[in-house]
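Letters A, B, ... are given to chains in the order of the sequence lines, protein chains preceding strands, and every chain is numbered from 1.
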Amino acid sequence: MSDPTVSWQVKANEFVIPVSKEQLESADIIKRSPLEFHLVQEHRSVSARVLSAEPGEKKMTVEVEGETYVIEIKDELDQMLDKMGFNTRAHKTIKEIRAPMPGLVLEIAVTVGQDVKEGEKILILEAMKMENSIVIHADATIKKIHVKSGQAVEKGQVLVELE
Amino acid sequence: MANRGEIALRIMRTIRRMGIQSVAVFSEADRNAPHVLYADEAVCLGAPPSAQSYLNGDKIIAFAKELGVDGIHPGYGFLSENAEFAQKVEDAGIRFIGPGPEAMRIMGSKLAAKECVKHYDIPMVPGIDKAIEDIGIAHETAKKIGFPILIKASAGGGGKGMRIVEKAEDLEEQMQRAVSEARSSFGDGSVFIEKYVSSPRHVEIQVLADMHGNVVHLFERECSIQRRHQKVVEESPSAILTPELRKRMGEAAVLVARSCNYTSTGTVEFLMDDKLNFYFLEMNTRLQVEHPVTEMITGIDLVEEQIRIARGEKLSFTQDDLRIHGHALELRVYAEDPLNNFLPSIGTLTRYVKPVGEGIRVDDGFEEGMPIPIYYDPMIAKLVTWGMDRTEALQKMKAAIRDYHIEGVATTLPFGLFVFEHEAFVSGHFDTHFVKDHYTPEKIKEKQKDNAAVAALVALTYLLEQQSITTPVVNKTSSWKRRLA
C-alpha cells in the first residue's frame with residue numbers, strides 16, 4: 001500500500017516525513033554556501049545548516065532555528081527492501097515499567113500478583129530532590145518486582161514486570 | 001566558595017575582580033568542573049552525594065581554617081540558608097558572606113518570619129500560625145480557610161515539599177507526600193497550611209542592608225513563570241507594577257529586612273492577586289538564582305556588595321541614587337525535558353555552544369563533553385538578556401535561545417522560546433498558572449515538526465547533489481503528465 005507520490009521517507013529526530021519528488025522540486029531552496037541553505041516555505045523565510053553528513057549512509061544532521069535534526073533517509077530501494085524483509089509490527093502491550101530517569105526508589109506501592117488499574121501508583125522514585133509517583137498506563141497484573149525501596153536505579157532499568 | 005557549578009564560578013569572578021583569592025570546594029563528581037579549574041586553590045570534600053560533600057559544613061570549615069580563609073560565601077542552595085552553619089563559620093573566626101545567623105534563623109522558619117513582621121503592618125495570606133505534621137489538624141484548618149489550600153514545608157524553599165490541595169479527599173495523600181519530602185530535603189517534616197490565592201503573581205523585592213543600619217531596595221523581580229512551583233523565567237522590572245506600587249512594595253520589603261536586623265543581600269517575596277494586592281510570603285536570606293536581572297537594570301554587582309558588607313563597609317549609595325535602566329530577562333536553562341513533564345534529562349553535553357553578543361549574559365558551569373551529574377540540581381545555566389526596553393530584551397532573548405546549542409540532554413530552551421513568543425507573556429497578562437493555562441508539549445512539537453520538514457528538504461537537496469541517493473523512478477509518469485500539460 002505504498003503511496004506512489006511518496007519517494008523518500010525522511011526520518012528527522014522522532015518525526016517521519018514522506019517527501020515526493022514533486023514536493024522537492026517545487027520547494028524554494030537556495031544554497032548560500034556549501035553547507036548553508038535558505039528556504040521560503042509557505043512564505044516563511046528560514047535558514048538551515050548542514051552540521052555533518054555521511055552521504056554513503058544517507059545520514060546527516062541539519063540545524064534549523066537552533067535545533068538539531070538527525071536525519072536518516074530511505075529511498076525507494078530501501079523502502080522496498082524493508083517491505084521484503086520483516087514486518088516488525090509487534091503487538092504492543094505494557095510488559096514492564098522502566099525507570100524514566102535515574103533516581104532512588106522511595107516506596108513501592110504494589111505487591112506481586114496484585115491487579116492494578118490504569119493510573120494507579122506503582123512506586124515513588126526520588127530524583128533531583130523531587131518525589132515522582134510512577135503510575136501505570138494500562139490495566140495489568142504485577143508479575144515481578146525487580147527493585148527494593150532504598151535502591152538506586154538507572155534510567156531505563158526495569159522496575160516492575162507485568163502480565 | 002562553599003558551592004559548585006555556575007554560581008560558584010559567577011561569585012569567584014567577582015572575587016577575582018576585587019583582587020581577592022578564591023578557594024573552590026568540589027566533590028569527586030566535579031573534579032573537571034569549571035569552578036574547580038578557575039579557582040586559585042581547590043579542596044576535594046569527598047564522595048558525590050551532597051551530604052558527603054557540599055553539605056558537609058564541618059569539613060568545609062576545617063579546610064577553611066587550614067588554608068587561612070577570611071570569608072565563606074555559600075552561594076545558593078546547599079548551606080546557604082543554614083543558620084547553624086553560618087554560626088559555626090562565625091565561631092571559627094571566619095566571616096560568613098551573608099546575613100547574620102539570627103536573621104537566617106527567623107526568616108528560615110516561615111512561622112517565625114510571620115511572627116517577626118507582624119508588628120510592621122505587612123499584609124499576609126490567611127492560614128495556620130503553627131507548624132503541623134498531624135492530618136487531623138490539617139483537615140480542620142483546611143475546612144476553616146476553605147479549599148484550595150497550599151501545604152508548605154516550614155523549613156522549605158524552592159518548591160520542595162509544597163503541594164496544592166484542591167479537595168478534601170486528596171488532603172491525606174498530599175499531606176503525607178509533603179511531610180515526607182520536607183523530611184528528606186530539610187530534615188524537618190513540619191508543614192504549614194495557608195489559603196491558596198488563585199491567579200497569583202510572584203513578585204519579589206531585592207534588598208541590600210549593611211551593618212550600619214542602612215537598608216535599600218533594588219526594585220522588583222517578576223518570577224511568575226514557574227513549573228512545579230519553581231521559577232524558570234524572571235524579569236525586572238515587572239510589566240505591571242506602577243511606580244507608586246513599586247514604592248509601596250519596596251518600603252514594605254525594607255521594613256521586613258529591618259524587622260530582623262537583616263544584613264547583606266536578601267529577597268522579600270510577595271504574592272500578588274489579580275487586583276494587585278500584595279501579601280508577604282517569605283524572605284530568602286541569600287543571593288537568588290535570578291539576581292542577574294537586578295544587576296543588569298541597576299548596574300550593581302550584588303556579590304561585590306555582599307563582600308563589602310561582610311567586610312563592614314557602608315553602602316556607597318542611598319535609595320535615591322538607585323534607578324531602573326532598561327529591562328532584563330532571565331531563562332533558567334535546566335537539563336529537563338519540557339516535552340516529557342519537565343522530568344530531569346540526564347546525559348553528557350555532546351555539543352555545547354553558548355550565545356554571545358551585546359546585552360547577553362550567560363552564567364554557566366559546564367563545558368562541552370561534561371556529564372550532568374545526577375546528584376545535584378539540574379540547572380546548566382542562566383541565560384540573561386538586557387535591552388533598552390522590554391521588547392528589545394525579548395528580541396535579544398529569542399535570538400540568544402536560537403544561538404544556544406545544547407545536545408546530549410533535553411533542556412528548557414524550547415520551553416523558554418515558547419514563553420517568550422507567547423501572547424500572554426508578551427502582553428504581561430500572566431500569572432503562576434502560565435504553564436497549566438497555556439503550555440502543552442504539543443505546541444513545541446508542532447513547531448519542531450515544521451522545522452523537521454525544512455531539515456528534510458535541505459537534507460534531500462544536499463544528498464542529491466552529493467549523488468548519494470537515487471532519484472525516484474516511479475514518478476516518471478507524473479513528469480510526463482506535467483510535460484504534456
Side-chain angles (χ1 to χ4, degrees), chain A residues 2 4-8 10-15 17 19-24 27 29 31 35 37 39 41 44 46 48-51 53-58 60-69 71 73 75-77 100-103 106-107 124 126-133 152 155, chain B residues 50 158-160 173 177 180-181 184-185 228 335-336 340-341 343-347 351 355 374-378 401-405 407 413-414 417 445 447-475 477-479 482:
Chain A
S2 79
T5 61
V6 170
S7 307
W8 296 284
V10 184
K11 193 165 175 286
N13 293 355
E14 72 268 37
F15 304 102
I17 299 149
V19 181
S20 69
K21 194 181 179 203
E22 280 74 17
Q23 267 175 310
L24 187 63
I29 302 182
K31 189 170 169 180
L35 296 175
F37 295 81
L39 258 90
Q41 199 189 28
R44 179 171 169 230
V46 53
R49 203 154 58 95
V50 174
L51 295 177
E54 299 169 62
E57 299 287 313
K58 297 169 201 158
M60 51 194 291
T61 51
V62 178
E63 183 187 300
V64 183
E65 284 201 317
E67 295 203 343
T68 304
Y69 293 89
I71 307 271
I73 293 174
D75 55 24
E76 286 178 329
L77 186 61
M101 67 208 135
L106 277 193
E107 181 188 320
I124 295 172
E126 188 188 62
M128 304 285 183
K129 296 182 269 175
M130 287 291 294
E131 291 185 12
N132 304 281
S133 288
K155 181 178 178 172
Chain B
S50 303
K160 275 148 200 157
E173 158 91 16
R177 290 269 66 78
S180 149
E181 233 174 82
S184 76
S185 295
R228 291 200 297 256
E336 288 181 356
N340 185 15
N341 228 353
L343 284 181
S345 169
I346 312 297
R351 183 168 179 230
I374 65 159
Y375 308 99
Y376 318 114
D377 190 88
I401 291 173
R402 292 194 180 104
D403 287 342
Y404 208 149
H405 304 294
E407 284 168 35
L413 282 170
L417 197 57
K445 272 255 156 85
K447 209 172 143 191
Q448 287 183 343
K449 201 176 175 187
D450 288 348
N451 284 342
V454 169
L457 289 171
V458 167
L460 286 170
T461 307
Y462 180 81
L463 289 182
L464 274 177
E465 191 188 83
Q466 304 282 318
Q467 296 189 322
S468 58
I469 52 172
T470 56
T471 16
V473 284
V474 291
N475 287 342
T477 46
S478 57
S479 300
R482 197 168 6 171

Identify which part of A:Val10 has an atom lying under 4.5 Å from any heavy atom of chain B, answering side chain, backbone, both or neither.
-> side chain

Which region of A:Lys11, side chain (C-beta onward) or backbone (N, CA, C, O), has a non-hydrogen atom less than 4.5 Å from a non-hydrogen atom of chain B, or is it both or neither?
-> neither

Separation between [atom1] of [X] and [atom2] of [Y], rounded to the nearest 0.5 Å:
| X | Y | atom1 | atom2 | answer |
| --- | --- | --- | --- | --- |
| A:Thr61 | B:Glu407 | OG1 | CD | 7.5 Å |
| A:Glu63 | B:Arg402 | CD | CZ | 12.0 Å |
| B:Thr461 | A:Leu39 | OG1 | CG | 7.5 Å |
| B:Glu181 | A:Ile124 | CD | CD1 | 9.0 Å |
| B:Leu463 | A:Glu54 | CG | CD | 10.5 Å |
| B:Lys445 | A:Glu14 | NZ | CD | 5.0 Å |

Contact class of [X] relative to chain A, heavy atoms under 4.5 angstrom:
| X | answer |
| --- | --- |
| B:Leu343 | side chain |
| B:Ser50 | neither |
| B:Glu173 | side chain |
| B:Asn451 | both |

Let me see the working for A:Glu67 and B:Lys447 under salt bridge (charged side-chain N to carboxylate O under 4.0 Å, His left out), right down to the final yes or no.
-> CA-CA 11 Å; A:Glu67 295 203 343; B:Lys447 209 172 143 191; over 6 Å; no

Select, from [options], the one with the greatest count of heavy-atom pairs under 4.5 Å involving chain B.
| options | answer |
| --- | --- |
| A:Asn13, A:Val46, A:Val50 | A:Val50 |
| A:Leu35, A:Val64, A:Ile71, A:Val62 | A:Val64 |
| A:Glu107, A:Gln41, A:Arg44 | A:Arg44 |
| A:Glu57, A:Arg49, A:Lys31 | A:Lys31 |

Any side-chain heavy atom of [X] within less than 4.5 Å of one from [Y]?
| X | Y | answer |
| --- | --- | --- |
| A:Lys155 | B:Ile346 | no |
| A:Leu24 | B:Leu464 | yes |
| B:Arg351 | A:Leu51 | yes |

Give a yes or no answer on whether the side chain of A:Tyr69 reaches the backbone of B:Ala453 with a donor-acceptor pair at less than 3.5 Å.
-> no

Taking all non-hydrogen atoms of both residues into account, name the closest pair between A:Gly66 and B:His405 and its distance.
-> O-ND1, 3.3 Å

